[in-house]
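Heads up: the structure comes next, in structure tokens.
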Amino acid sequence: PWGEAETTRLFDALEPLFEPIDDFAARAVAARDSILTERENTDLREGTVEEFVAAMCNGNSTTGLVDAVAQRFHEAFVEICTVPPGLRDLLDDLGRHQPLAVLSNFVLTRPVEEALERGGVADAFVHIEVSATSGFMKPHPEPFEIAVEAMGIARERTLMVGDNFFADVVGGYRAGLLTALTHQYREGPTSDPRAPEVRADRILNSLDELRA
């Protein structure tokens, strides 16, 4: 599960690295959102730690600060991530029928991999694709293409499950996949004006519904 509370914890962990900044968390969220909004409305290229630091420092950042922020991003992300009870059993049940993969939007690749490893679920997936690796965020087609190829199954038998309508459902739809929007951990929109023709094939109140 990841929502605004986890994002705030992530940015709180970064604050000691910067000179005193009033309303640090709010400014960090605004910096992140400005980068994401610009990319979502243009080329869907993933942002970088360098861009985030530059936004926080009004363009005046140093290599040392960028490296320090990247390291703390990594450490804090892994600390914050949790694996919900029963998830491993669910993944094992699903994996008996079809291969599984992860598609994640995050500014660094290794923290996502390490969080899954520490949570004891990394080996349930045949592939872990992070936007920092391909350079493109969901719903860009590139990460979906990579994951589908890695799983080796037909698109029409591939289900994209996520909690972000634009990234997961729109991305899956454009890639020719079935889609499911989960509300288990956070409520979110079930449509998007940028893709008014798209609707999720399923709405899930719990990931356990995937067993059916």
Side-chain angles (χ1 to χ4, degrees), residues 1-4 6-7 33 36-37 39-47 81 83-84 86-107 109 112-113 115-116 119 121-122 124-212:
W2 191 277
E4 288 306 310
E6 287 75 21
T7 297
D33 288 351
L36 289 181
T37 299
R39 298 296 159 72
E40 286 179 350
N41 293 327
T42 55
D43 57 7
L44 291 170
R45 184 169 55 84
E46 178 58 88
C81 281
V83 172
L87 179 61
R88 179 69 209 215
D89 289 342
L90 173 62
L91 294 174
D92 287 343
D93 287 348
L94 298 176
R96 292 187 185 99
H97 302 281
Q98 290 198 158
L100 308 176
V102 171
L103 272 70
S104 174
N105 281 353
F106 195 61
V107 70
T109 297
V112 177
E113 297 173 338
L116 294 170
V121 296
F125 304 101
V126 300
H127 186 75
I128 298 169
E129 182 64 26
V130 183
S131 54
T133 305
S134 68
F136 293 99
M137 304 184 299
K138 300 175 295 182
H140 192 280
E142 181 71 10
F144 293 90
E145 296 288 344
I146 294 171
V148 169
E149 182 176 353
M151 289 187 292
I153 54 178
R155 293 173 187 272
E156 63 271 17
R157 298 197 62 225
T158 302
L159 177 67
M160 176 65 197
V161 181
D163 64 359
N164 183 303
F165 184 87
F166 184 62
D168 301 318
V169 176
V170 173
Y173 173 88
R174 290 176 175 173
L177 314 181
L178 298 168
T179 60
L181 181 68
T182 175
H183 286 162
Q184 180 165 350
Y185 300 113
R186 67 170 182 168
E187 290 287 339
T190 57
S191 63
D192 193 288
R194 290 167 291 189
E197 77 284 5
V198 179
R199 291 291 184 274
D201 293 301
R202 294 287 187 274
I203 302 292
L204 305 176
N205 292 315
S206 168
L207 293 176
D208 282 335
E209 295 173 32
L210 290 169
R211 285 189 168 95

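Residue numbers start at 1 and run along the sequence shown.
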Is the backbone of [Y] close enough, under 3.5 Å, to the side chain of [X] for a donor and an acceptor to pair up by distance?
{"X": "Gln184", "Y": "Leu207", "answer": "yes"}
{"X": "Gln98", "Y": "Arg157", "answer": "yes"}
{"X": "Glu149", "Y": "Ile146", "answer": "no"}
{"X": "Ser131", "Y": "Phe106", "answer": "yes"}
{"X": "Thr133", "Y": "Glu129", "answer": "no"}

Problem set entry | Reported CG-to-CZ distance for the pair Asp163 and Arg186, which is rounded to 0.5 angstrom |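 Spacing of CG (Asp163) from CZ (Arg186) equals 4.0 Å.
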
Exercise. For the atom pair CZ (Arg199) and OH (Tyr173), what is the distance rounded to the nearest 0.5 Å?
Worked result: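 If I round to the nearest 0.5 Å, the distance is 10.5 Å.
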
Heavy-atom closest pair, residues [X] and [Y]:
{"X": "Leu103", "Y": "Ala147", "result": "CD1-CB, 3.2 Å"}
{"X": "Pro84", "Y": "Tyr185", "result": "CG-OH, 3.1 Å"}
{"X": "Ala150", "Y": "Val126", "result": "O-CG2, 4.1 Å"}
{"X": "Ala200", "Y": "Thr179", "result": "CA-OG1, 3.4 Å"}
{"X": "Val161", "Y": "Leu210", "result": "CG2-CD2, 4.0 Å"}
{"X": "Met160", "Y": "Phe144", "result": "SD-CE2, 3.8 Å"}

Can you find a heavy atom in the side chain of [X] that is under 4.5 Å from one in the side chain of [Y]?
{"X": "Val169", "Y": "Val198", "result": "yes"}
{"X": "Met137", "Y": "Arg45", "result": "no"}
{"X": "Leu159", "Y": "Leu177", "result": "no"}
{"X": "Ile128", "Y": "Ser104", "result": "no"}
{"X": "Leu91", "Y": "Phe125", "result": "yes"}
{"X": "His183", "Y": "Ile203", "result": "yes"}
{"X": "Val148", "Y": "Ile153", "result": "no"}

Between [X] and [Y], is there a side-chain N and carboxylate O pair less than 4.0 Å apart?
{"X": "Glu145", "Y": "Arg155", "value": "yes"}
{"X": "Asp92", "Y": "Arg96", "value": "no"}
{"X": "Arg194", "Y": "Glu40", "value": "yes"}

Problem set entry | Member of Asn105, Asn164, Asp168 meeting the side-chain hydrogen bond (donor to acceptor under 3.5 Å, both in side chains) criterion with Lys138 |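 Only one option passes, and that is Asp168.
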
For this session: Kindly check if the number of other-residue, nucleotide or ligand heavy atoms within 6.0 Å of CZ (Arg211) is above 12?
Result: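 Above 12, so yes.
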
Exercise. Side chains of Glu142 and His140: donor-acceptor distance under 3.5 Å anywhere?
Worked result: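 No, no side-chain donor-acceptor contact under 3.5 Å.
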
